[in-house]
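What follows is a short report on a single structure.
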Protein chains: 2
Amino acid sequence: MSDESGLSIDKLREYLENEGIHTSYHRLKILEYLRNHRTHPTVERIHKELSREIPTLSKTTVYNTLKLFVREGIVSELTIEEKEVRYDADTKPHAHFKCIECGGVYDIALESPLFEHEMIEGHKIAECHIYLKGVCNDCSKMPKNKRS
Amino acid sequence: MSDESGLSIDKLREYLENEGIHTSYHRLKILEYLRNHRTHPTVERIHKELSREIPTLSKTTVYNTLKLFVREGIVSELTIEEKEVRYDADTKPHAHFKCIECGGVYDIALESPLFEHEMIEGHKIAECHIYLKGVCNDCSKMPKNKRS
DNA sequence: GTATCTGCAAAACATTTGCAATTCT
DNA sequence: AGAATTGCAAATGTTTTGCAGATAC
């Protein structure tokens, strides 16, 4: 849940430029946030958190930037949620688990032949999303008081 | 894509009553539509199609009814789409494929150990959704003209 | 100085809610 | 009558869009 585990801003800038994406302070901070907070945050959360550091950041910019990142393939969208889209800076194939108690979304490391398939029943596969739902480890233990 | 392949209205009524769900003409028609059109329709589509036969049907009732069916476990929600929720009367485990050309959503019969798992990394699994995206058989063949 | 990036305000949708009217038994 | 169902209209919440102002190279 803490900070400072990802690449430096300079490394991120280099990375974006290699991907052919113009850099800007806002874009770098949004990418940095995604890299450092692997909780699959919503636009709302990203905006709220970054606003404390960048008070002028608008939600529109968060939307624009995430859309750009998705288009460029460096971020992926999760639709495990019915209402809001969540974002994930990890584009390597893995599954996601959503806890129906606390609402958290966790990565699940998973070796599945599904991720390898290129063709199923005559359809060309480009993406594979695996969404699991249930009660997470933490919520199973404590009788659903704390947390949220 | 055609009609008349499902159960009769009387069978559906019996089915709903067995599930402990009060029946009504609207509810029966909505369930019938879902059973006969396995295209994972949105609320919009269900409402539009049924309105031709039942001009007084309101979208609110479609929402209410689908929500009821989901709560009672006889219909499941697909969030493969970013924008709209889709509904599926088939609650047996299977995967879904969405064509990024024509937008159609197809069932994929799939034997996956994922559907059997009850526990992964300490989390209790209640539901498993597998969403694939790519270009469907039909769209691969014809150079993306017709269809929609 | 021209491209791009940003952000406000308004618009566009999907979905939910409150409540009154209707229907069913 | 009494309980459940229905549907309108308004509210909500997320995402998109148009456009003007700011910023960067």
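Throughout, protein chains are lettered first and strands after them, A, B, ... in sequence-line order, and every chain is numbered starting at 1.
- Residue A:L68 contributes atom CG, which lies 16 Å from atom C1' of D:dT16 at whole-angstrom precision.
- Side chain of A:E121 to main chain of B:A109: a donor-acceptor pair is present (N/O by atom type, distance under 3.5 Å, no hydrogens or angles).
- Heavy atoms of B:T56 sit under 4.0 angstrom from primed sugar atoms or phosphate atoms, though from no base atom.
- Using modelled atom types, no side-chain atom of B:H47 and backbone atom of B:V43 make a donor-acceptor pair closer than 3.5 Å.
- For A:R27 and C:dG7, the CZ to P distance is 11 Å, given to the nearest whole Å.
- The existence of a salt bridge linking A:R35 and A:E32 is excluded, since no basic side-chain nitrogen approaches an acidic carboxylate oxygen closer than 4.0 Å.
- In this structure a side-chain-to-backbone donor-acceptor pair under 3.5 Å is missing from B:T61 to B:L57.
- Using a 4.0 Å cut-off, some side-chain N or O of B:S58 falls inside it from OP1 or OP2 of D:dG7.
- Atom OH of B:Y63 is separated from atom P of D:dA9 by 17 Å (rounded to the nearest Å).
- OP1 or OP2 of C:dT25 has not a single side-chain nitrogen or oxygen of B:H22 nearer than 4.0 Å.
- Here the C1' atom of nucleotide D:dT15 and the CD atom of A:E82 are 17 Å apart, to the nearest Å.
- Glycosidic torsion of D:dA3 falls outside 90° of 0, placing the base in anti.
- Remark: B:K133 engages B:E82 in a salt bridge, criterion side-chain N to carboxylate O under 4.0 Å.
- Side-chain proximity of A:L57 to the nucleotides C:dG7, D:dG7, D:dT15 is greatest for C:dG7.
- Annotation: of the two residues near DNA chain D, A:T60 and B:N64, the 5′-most nearest-nucleotide partner is B:N64.
- As a whole-Å value, the separation of B:K67 NZ from D:dT6 P is 16 Å.
- Atom-to-atom, CD of A:E84 to P of C:dT15 comes out at 14 Å; the value is rounded to the nearest Å.
- A:K83 comes within 4.0 angstrom of sugar-phosphate atoms only, judged by non-hydrogen atoms across all strands, and of no base.
- To the nearest angstrom, P of C:dC5 lies 15 Å from CG of A:L66.
- Note on B:H26: a side-chain N or O is less than 4.0 Å away from OP1 or OP2 of D:dG7.
- Across all strands shown, nothing is found opposite C:dA3 as a Watson-Crick or G-U wobble partner with both distances under 3.5 Å.
- Using a 4.0 Å heavy-atom criterion, one finds that A:S24 contacts the sugar-phosphate atoms exclusively.
- In this entry D:dT23 has no Watson-Crick or G-U wobble partner, no candidate having both defining distances under 3.5 Å.
- In this structure, CD1 of B:I30 is placed 12 Å from P of D:dT5, rounded to the nearest angstrom.
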